[in-house]
Amino acid sequence: MNTLAIHAQTNSDRISVGVGALYERGLDLTISYEHETKYHNAWEYFANGYIKWDECKSCGHVCPESFWKNYRSYGFGIAYKPCVTRGRNHHGNLRVGASAGSDTQNFLGGAHIGYEHNYTLRGGFKLYWQVKTDVMIKGEDLFRTGVVLGVKLPVK
């Protein structure tokens with residue numbers, strides 16, 4: 001007797017790219033590798049870049065110099081994402097993690113918490129939005145909070 005076992009979305013891997021706006025005057029880019037386990041729980045390994053712009057002191061506006069070279073940081077980290085809500089072709093995860101990185105001068109440590117909601121498309125692709133809060137140790141910003149939009153691409 002042959003039995004066909006079906007495990008939807010179990011042990012799937014994805015590469016994701018997300019871009020977001022964070023309070024106050026910040027932009028965020030996150031590239032990650034996600035391994036989804038049973039019941040849409042997941043582990044995420046990520047690299048993150050952040051820039052914070054300010055008004056230029058000489059012209060009083062946001063110019064390329066004050067946008068790209070004001071404050072920049074990067075980090076590498078891990079997050080665990082337990083699933084907290086499920087529906088047809090969508091699910092939501094709590095996102096809890098930590099990171100380490102640097103700005104142009106100092107070491108940075110980070111603690112991350114947020115909520116991520118995923119919408120499953122054909123072929124294993126996903127669209128997601130994320131509400132995130134980052135607590136950065138030794139950074140220019142202690143708290144960063146905002147919204148990220150992104151896409152997840154299947155690896156296999």
Side-chain angles (χ1 to χ4, degrees), residues 4-54 62 66-68 70-103 106-156:
L4 178 64
I6 298 174
H7 301 284
Q9 306 290 327
T10 299
N11 294 321
S12 59
D13 298 324
R14 290 183 177 78
I15 301 286
S16 69
V17 177
V19 177
L22 299 159
Y23 178 82
E24 173 179 30
R25 300 181 314 269
L27 284 178
D28 178 86
L29 171 68
T30 303
I31 299 171
S32 65
Y33 172 81
E34 180 182 88
H35 177 71
E36 192 169 308
T37 60
K38 292 182 180 180
Y39 307 109
H40 296 295
N41 297 320
W43 285 95
E44 177 185 299
Y45 308 94
F46 64 89
N48 178 270
Y50 173 78
I51 59 172
K52 181 178 179 179
W53 69 89
D54 204 357
V62 177
S66 66
F67 184 82
W68 292 108
N70 183 45
Y71 178 76
R72 298 166 296 197
S73 68
Y74 67 90
F76 301 95
I78 185 170
Y80 179 64
K81 303 193 303 190
C83 184
V84 294
T85 182
R86 291 178 191 87
R88 183 176 173 97
N89 298 327
H90 67 93
H91 62 91
N93 298 75
L94 185 65
R95 182 177 184 266
V96 180
S99 67
S102 178
D103 59 14
N106 299 316
F107 169 81
L108 291 177
H112 310 279
I113 189 162
Y115 175 79
E116 175 181 291
H117 203 86
N118 297 275
Y119 300 93
T120 305
L121 306 173
R122 290 182 183 260
F125 293 91
K126 290 188 179 187
L127 297 176
Y128 72 93
W129 58 266
Q130 189 179 81
V131 176
K132 66 188 290 184
T133 298
D134 303 336
V135 179
M136 303 307 293
I137 301 155
K138 296 215 176 206
E140 187 173 299
D141 303 323
L142 178 60
F143 292 104
R144 300 176 186 168
T145 186
V147 177
V148 173
L149 300 174
V151 63
K152 295 181 181 182
L153 311 169
V155 175
K156 295 178 186 179

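We use all heavy atoms of the structure for the numbers below, so side chains are in, but hydrogens, waters and symmetry mates are not.
From Glu44, atom CD reaches atom OG of Ser32 across 4.0 Å, with rounding to the nearest 0.5 Å. The OH atom of Tyr119 lies 11.0 Å from the CG atom of Leu121; values are rounded to the nearest 0.5 Å. Here CD1 of Ile78 is found 9.0 Å from CZ of Phe46. Values are rounded to the nearest 0.5 Å. Atom CG of residue Asn118 and atom SG of residue Cys83 lie 8.5 Å apart, to the nearest 0.5 angstrom. Taking CD of Gln130 as the reference point, atom NE2 of His117 lies at 13.0 Å (rounded to 0.5 Å). One distance of note links CD of Glu34 with CD of Glu116; it measures 6.0 Å at 0.5 Å rounding.
Counting heavy-atom neighbours within 6.0 Å of Phe107 CZ, excluding the residue itself, gives a total above 12.
Leu149 pairs by the side chain to side chain contact (heavy atoms under 4.5 Å, CB included) definition with Trp129, not counting sequence neighbours. Remark: Asp28 engages Thr30, Asn48, Lys132 in a side-chain hydrogen bond (donor to acceptor under 3.5 Å, both in side chains) (not counting sequence neighbours). Taking the side chain to side chain contact (heavy atoms under 4.5 Å, CB included) definition, one finds that Val155 meets it with Asp13, Ile15, Tyr33, sequence neighbours left out. Legend: residues meeting side chain to side chain contact (heavy atoms under 4.5 Å, CB included) with Ser102, ordered by chain and number and at least two apart, are Tyr74. Residues that satisfy the side chain to side chain contact (heavy atoms under 4.5 Å, CB included) test with Val96, not counting sequence neighbours, are Leu94, Ile113.
Under 4.0 Å is where a charged nitrogen must lie from a carboxylate oxygen, and between Lys152 and Glu36 no such pair does.
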Verdict with supporting geometry, Arg95 and Thr133, side-chain hydrogen bond (donor to acceptor under 3.5 Å, both in side chains): CA-CA 10 Å; Arg95 182 177 184 266; Thr133 298; over 6 Å; no
Test side-chain contact (heavy atoms from CB on, under 4.5 Å) applied to Tyr39 and His91, step by step: CA-CA 10 Å; Tyr39 307 109; His91 62 91; over 6 Å; no
Chi angles and distances behind the side-chain hydrogen bond (donor to acceptor under 3.5 Å, both in side chains) call for Lys126, His90: CA-CA 9 Å; Lys126 290 188 179 187; His90 67 93; over 6 Å; no
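Under the 4.5 Å side-chain criterion, counting only non-hydrogen atoms from C-beta, Asp103 is in contact with Leu108. For the pair Phe67/Ile51, a side-chain contact is recorded, criterion being any heavy-atom separation below 4.5 Å from C-beta on. For the pair Tyr128/Thr120, no side-chain contact is recorded, criterion being any heavy-atom separation below 4.5 Å from C-beta on. Contact check for Arg14 versus Phe125: no side-chain heavy atoms found under the 4.5 Å cut-off.
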In residues 134-141, what donor-acceptor pairs under 3.5 Å come from side-chain atoms, sequence neighbours left out?
residue	atom	partner	partner atom	Å
Asp134	OD1	His112	ND1	2.8
Asp141	OD1	Lys52	NZ	2.7
Asp141	OD2	Tyr50	OH	2.7

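Without hydrogens or angle criteria, Asn93 side chain to His40 main chain gives a donor-acceptor distance under 3.5 Å.
In terms of heavy-atom proximity, Pro154 sits nearest to Gly123 at CG-O, 3.4 Å.
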